[in-house]
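The block underneath contains the structure these notes are about, expressed in structure tokens.
Atoms within each ligand, like the ligands themselves, are counted from 1 in listed order. All residue numbers in this chain count up from 1 along the given sequence.
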Amino acid sequence: MKNVQPQGSHFIDGAYVEDTAGREIPCVYAATGEVVATLHSATPAVIEQALASAKRAQAEWAALPPVARGRVLRRVAEILRERNQELSELETIDTGKPIQETTIADATSGADSLEYFGGLAATLTGETMPLGGDFVYTIREPLGVCVGIGAWNYPTQIACWKSAPALACGNAMIFKPSEVTPLCALKLAEIYIEAGAPAGLFNVVNGYGDVGAALIGDQRVDKVSLTGSVPTGEKVYAAAATGIRHVTMELGGKSPLIVFEDADIENAISAAINGNFYSTGQICSNGTRVFVHEDIVDTFTARLVERTKTAIIGDPMDPETQIGPMITDTQRQKVLNYIRIGQQEGATLAVGGGCPERDGWFIEPTVFTGVTDDMTIAREEIFGPVMSVLTFRDEDEVIARANDTEFGLAAGLFTRDFARAHRVVAQLQAGTCWINQYNLTPVETPFGGVKKSGVGRENSKAAIEHFSQVKSVYVALGDVEAAF
Ligand code: NDP
């Protein structure tokens with residue numbers, strides 16, 4: 001294993017910073033259980049340094065012409081692409097995801113985001129409203145200092161998806177990665193400096209949940225964007241309410257994938273596999289409730305099981321490997337517990353359910369059939385490679401059942417009948433829907449949830465609304481009338 005120990009646990013004001021007084025954060029490679037680096041959770045002194053430098057850098061950055069800001073972001077995108085191999089290997093070490101995935105889905109997706117928002121930076125203008133003499137113009141202004149808090153499944157992508165729109169709008173960002181994936185965002189911070197961003201504009205502060213809470217607790221912070229679970233989302237949302245700060249919440253899901261009787265079955269199975277087993281199932285928008293029409297469920301299940309058995313589980317650094325380990329043993333135990341509950345509640349284990357005999361936190365891709373809506377595995381977010389296949393008979397029934405969840409992140413459907421596709425999509429309660437596809441999230445598309453899955457949108461022009469505010473300026477050309 002190559003040396004991935006960073007020069008410091010945090011990256012603040014353009015340089016690595018260390019304070020060994022903070023609680024240790026062991027960085028474990030999930031494929032072997034080996035400790036590959038040791039970091040320290042941020043102390044109050046480190047947090048203060050991050051806040052003070054971000055505040056200073058934000059003023060400097062916001063004063064630049066937007067086209068100059070955009071140029072820096074686009075240079076970051078170029079560097080991310082140039083170093084894709086090295087960054088992908090680091091992402092694999094940080095998360096355990098197979099290199100086959102990380103070379104196409106992490107630094108590259110981050111680069112798309114930097115390129116997109118870098119291009120958009122100079123186009124962020126206000127409007128003019130003529131009032132028949134007097135007029136109003138608007139100015140789109142940054143919010144100030146933004147805090148980004150990330151989950152562990154996509155550490156590079158989440159840091160880019162949050163920082164690119166934030167910085168394009170003229171904000172600074174302090175990013176707090178999940179403590180189980182502390183390495184990737186530090187590299188991104190180095191790259192921002194190399195690309196010409198002012199010191200302090202993008203700071204990375206590592207630590208446990210209390211560090212995130214301390215950052216949001218500081219009133220110099222104007223906005224928080226969280227990717228995480230619903231319980232954390234509720235805490236962070238409440239903390240941001242003190243001082244009426246802005247929030248974006250990208251939270252969990254239990255999304256439906258509906259396969260109608262006229263669907264292309266092989267494509268639908270491919271989507272179900274991607275939407276349940278990619279990144280070993282650790283994806284918020286996964287279509288974990290697969291509703292299959294009763295006329296085709298036997299054919300669908302037989303092929304799904306056959307294909308799932310061919311999945312290559314193994315060393316994430318081997319380009320042939322398709323399934324890597326779970327992020328931690330704790331997460332694996334949580335998933336194994338859900339598998340036990342699924343069996344106890346009467347679902348049929350069609351394939352998987354066990355752990356391969358090897359080091360690391362591996363678990364087999366698992367399919368349950370005969371799942372009913374009331375079962376725990378059909379109601380709770382598992383965040384692992386566990387697919388539930390449910391059957392349905394008609395359209396209205398499946399729409400009602402698909403919507404019968406507290407979550408609303410995503411939904412997908414497969415049919416050759418486009419009238420039905422649009423009719424059903426219009427009724428699904430989800431922030432993102434796919435017709436004859438699943439889990440593609442290009443930067444051009446708004447991404448986010450409804451119901452408990454979140455508020456706000458990432459990516460696309462919609463993200464600009466969440467990282468800026470509008471000032472209206474009324475301009476009078478005549479006299480001022482007053483009653484007395
Ligand atoms: P958590 O909610 O456990 O943690 C998310 C982040 O919040 C971590 O960095 C965590 O720090 C931090 N945190 C925890 N407590 C607090 C607090 N009180 N104040 C501030 N920050 C805090 O999520 P996971 O990391 O376990 O990620 C899995 C979850 O994320 C799933 O529910 C998944 O659906 C969701 N997710 C959503 C996505 C989306 O875009 N909608 C995408 C990816 C994942 P620490 O880890 O150090 O405790």
Side-chain angles (χ1 to χ4, degrees), residues 9 22-27 39-42 47 94-95 97 105-106 109 147-162 174-182 184-185 204-218 221 224-242 245 247-255 278-288 326-328 330-331 334-335 380-384 405-410 430-432 439 441 445-459 463:
S9 297
R23 195 174 133 205
E24 270 195 6
I25 304 174
C27 185
L39 285 76
H40 295 89
S41 191
I47 292 170
D94 220 5
T95 61
K97 291 186 294 181
D106 293 284
S109 150
V147 164
I149 300 179
W152 37 256
N153 54 349
Y154 280 80
T156 303
Q157 184 190 81
I158 293 172
C160 292
W161 282 18
K162 294 190 188 306
I174 304 172
F175 189 78
K176 207 290 287 177
S178 164
E179 90 258 6
V180 291
T181 52
C184 294
V204 174
V205 169
N206 271 304
Y208 295 91
D210 59 324
V211 170
L215 284 167
I216 309 159
D218 194 288
V221 170
V224 56
S225 175
L226 169 80
T227 296
S229 62
V230 172
T232 304
E234 285 174 341
K235 281 188 224 160
V236 170
Y237 210 158
T242 305
R245 273 88 51 76
V247 295
T248 297
M249 295 280 150
E250 292 290 348
L251 309 176
K254 190 73 193 174
S255 302
Y278 204 72
S279 302
T280 319
Q282 301 163 112
I283 297 184
C284 50
S285 49
N286 273 354
T288 47
M326 304 289 308
I327 186 75
T328 58
T330 310
Q331 187 64 18
K334 190 181 139 199
V335 174
E380 296 183 13
E381 183 182 46
I382 298 174
F383 223 60
T405 166
E406 60 185 4
F407 298 110
L409 192 56
T432 301
N439 256 359
T441 53
T445 319
F447 183 75
V450 300
K451 303 193 316 196
K452 278 197 182 175
S453 290
V455 292
R457 291 292 177 269
E458 296 199 305
N459 291 341

Any side-chain heavy atom of [X] sitting closer than 4.5 Å to one from [Y]?
X    : Y    : value
D94  : W152 : no
C27  : P182 : yes
S229 : F383 : no

Query raised in the report: Looking only at side chains, do W161 and S109 share a donor and an acceptor under 3.5 Å apart?
Result: yes

**Report entry** Test item: side-chain donor near acceptor, S225 and K162, under 3.5 Å
**Finding:** yes

Query raised in the report: With I216, which of T242, V236, V221 fulfils side-chain contact (heavy atoms from CB on, under 4.5 Å)?
Result: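 So, applying the side-chain contact (heavy atoms from CB on, under 4.5 Å) to I216 and each of T242, V236, V221, only V236 qualifies.
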
Requested in this report: Select all protein residues for which some heavy-atom-to-ligand 1 distance is less than 4.0 Å, and list them by chain and number.
Outcome: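 For ligand 1, the contacting residues are I149, G150, A151, W152, N153, K176, P177, S178, E179, G207, Y208, G209, G212, A213, I216, L226, T227, G228, S229, T232, K235, V236, E250, L251, G252, C284, E381, F383, L409, F447.
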
